[in-house]
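Beneath this line is the structure, given in structure tokens, with notes to follow.
All values below come from the heavy atoms of this structure, side chains included, with hydrogens, waters and symmetry mates left out. As the structure is a prediction and not an experimental result, all values here were calculated from the model. Letters go in sequence order (proteins before strands), and every chain restarts at 1.
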There are 2 protein chains.
Amino acid sequence: MKDIASLIQHIEKIIPLDDEARQALAIKVTSKKIRRRQYLLQDGDICRHYNFVLNGCLRMYLVDEKGTEHVLQFAIEGGWIADIGSLHTDQPSHFCIDALEPTEVLRIAKEDLIDLYVKHPAFDRYFRVLTENAFVGMQQRVMQNISSTAETRYLLFLEKYPHLFNRIPLVQIASFIGVTPEFLSKIRRNLMA
Amino acid sequence: MKDIASLIQHIEKIIPLDDEARQALAIKVTSKKIRRRQYLLQDGDICRHYNFVLNGCLRMYLVDEKGTEHVLQFAIEGGWIADIGSLHTDQPSHFCIDALEPTEVLRIAKEDLIDLYVKHPAFDRYFRVLTENAFVGMQQRVMQNISSTAETRYLLFLEKYPHLFNRIPLVQIASFIGVTPEFLSKIRRNLMA
DNA sequence: ACCGTTCCTTAACCTACCTTAAGGTTTTTT
DNA sequence: AAAAAACCTTAAGGTAGGTTAAGGAACGGT
């Protein structure tokens, strides 16, 4: 039983949909439950779906040659997640997506999305705006990485995602801001002093 | 005299335009020449245009509290540049855009772009795809920043932008990959040994 | 209710990268 | 053609952040 209402509500914050578009979307969308630690996308597979999180929490990350994980993105209720690069090029992804909590997503397959774009330009608009916002977020993150100290990056993270602070393990936050968990631990201690 | 042909050609690599759309675009676009070191956007101003580079080279960068510049993006022939965040929110930009070489751009004002979106959904599509590609690029850069050493980042930069290597001053490349020019100088020496 | 992970912290030592300073070369401007 | 910027390099000393190792607390699965 798909709870598509929250997805539609989300889209209509950006652009209204007519009944036909809503209907078309409802037909294309499928739902999926993921357990804690279960993969939604595995390194080496081609990303074939855009995923909208209904509840729970996902992370997308890269595993480097040394086996260290580097978190690129978290997604909670109301967020989208996918390896857009892999999705568009049909190349195997270098990323993994898995669940930090039991999670439920709605997903649209690439071909279905293209179909929606063609039949309902509103979706072009919605995903343009969505991607623009995500792009601006990534820009800010690049700037922070090349211009700020780890402590500042941590504080900026807390400011931007206050609700994630006591929901996500510290080790994941460390990975997201680009430091080791040991060093983040040190940063916290310094902040308390 | 606007050379809009190269812009249209660029767009049509992604989506064909009908005559009306081409015509509408031609009316909205203006051209502008910028001297070396001249600003196209200055820190504190609101970014009101999307800029398409016809020839030359621009950079977008942030100046931090210490006065150090951090390059977020370069744009050469065929590239787009704007502070999308500022453009969308009508908030003053924190970035500067200036010219590393004498440069000529075509530009579209925000309101005109919105008008194009409404009348010709093809532009929604084009800018969606454009932004998706830019987003993927930023994602890769974030990953490199949090997972790679400066030497690796330099090599990846050369691989991705081989044509920029002997066109852009070293100090700008250093700023882009997030190290001091002195350290990049050292990296180069090590690579030659 | 238990056991096994995962999670967080501390501390000693190590390294990638920054800072400051200086001198030489190339490019731009006049 | 000269003067002024901008550019690149070298080197010494400093600091942010990594590595390794180890112990304890909290959690998740059965």
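Taken residue by residue, residues 57-70 of chain B places no heavy atom nearer than 4.0 Å to DNA chain C. Of the residues in residues 166-191 of chain A, those placing a heavy atom less than 4.0 Å from an atom of DNA chain C are Pro169(A), Leu170(A), Val171(A), Glu182(A), Ser185(A), Arg188(A), Arg189(A), in numerical order.
Summary for the helix from dG4(C)-dC27(D) to dT30(C)-dA1(D): the axes at its two ends, each from 5 pairs, differ by 70° when rounded to the nearest 10 degrees.
If you look at Phe74(B) and Phe176(B), their ring centroids are closer than 6.0 Å.
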Let me check something: any side-chain donor-acceptor pairs from residues 44-51 of chain A under 3.5 Å, sequence neighbours excluded? List them with distances.
{"residue": "Asn51(A)", "atom": "OD1", "partner": "Arg107(A)", "partner atom": "NE", "Å": "2.9"}
{"residue": "Asn51(A)", "atom": "OD1", "partner": "Arg107(A)", "partner atom": "NH2", "Å": "3.2"}
{"residue": "Asn51(A)", "atom": "ND2", "partner": "Ile81(A)", "partner atom": "O", "Å": "3.2"}

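Salt bridge annotation for Asp124(A)-Arg128(A): absent, with no cationic side-chain nitrogen under 4.0 angstrom from a carboxylate oxygen. Under the 4.0 Å criterion applied to side-chain N and carboxylate O atoms, Arg37(B) and Asp98(B) are not assigned as salt-bridge partners. Ion pairing between a basic and an acidic side chain is recognised when a charged N comes within 4.0 Å of a carboxylate O; Glu12(A) and Arg22(A) show such pairing. A salt bridge is absent between Glu151(B) and Arg188(B); no separation between the charged side-chain nitrogens and carboxylate oxygens falls under 4.0 Å.
Ring orientation note: the planes of Tyr161(B) and Phe157(B) are tilted relative to one another, at an angle of 30° to 60°.
A donor atom on one side chain and an acceptor atom on the other are found under 3.5 Å apart for Arg59(B) and Gln172(B). Side-chain polar atoms of Glu132(B) and His88(A) form a donor-acceptor pair below 3.5 angstrom.
The number of heavy atoms from other shown groups lying within 6.0 Å of NZ (Lys160(B)) is above 12. With a 6.0 Å radius and a threshold of 12 heavy atoms from other residues, nucleotides or ligands, Arg167(A) has its CZ atom above the threshold.
Side-chain heavy atoms closer than 4.5 Å link hydrophobic residues (I, L, V, M, F, W, Y) into clusters, and following such links, possibly through other members, connects Phe127(A) to Ile14(A).
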query = Would Thr68(A) and Ser147(B) satisfy side-chain contact (heavy atoms from CB on, under 4.5 Å), going step by step from the backbone distance to the final call?
reply = CA-CA 9 Å; Thr68(A) 309; Ser147(B) 74; over 6 Å; no

message = Checking His70(A) against Asp64(A) for the side-chain hydrogen bond (donor to acceptor under 3.5 Å, both in side chains) test, could you report, in this order, the C-alpha distance in whole Å, the side-chain angles of both residues, the deciding distance, and whether it holds?
response = CA-CA 8 Å; His70(A) 302 277; Asp64(A) 68 21; 2.8 Å; yes

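Taking every nucleotide of DNA chain D with any atom under 4.0 Å from a non-hydrogen atom of chain A, the first and last of them, 5' to 3', are dG17(D) to dG28(D).
Annotation: side chain of Arg141(B) is in contact with side chain of Asn145(B) (closest heavy-atom distance under 4.5 Å).
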Set out, line by line, the N/O atom pairs under 3.5 Å between protein and nucleotides 23-29 of chain C.
none

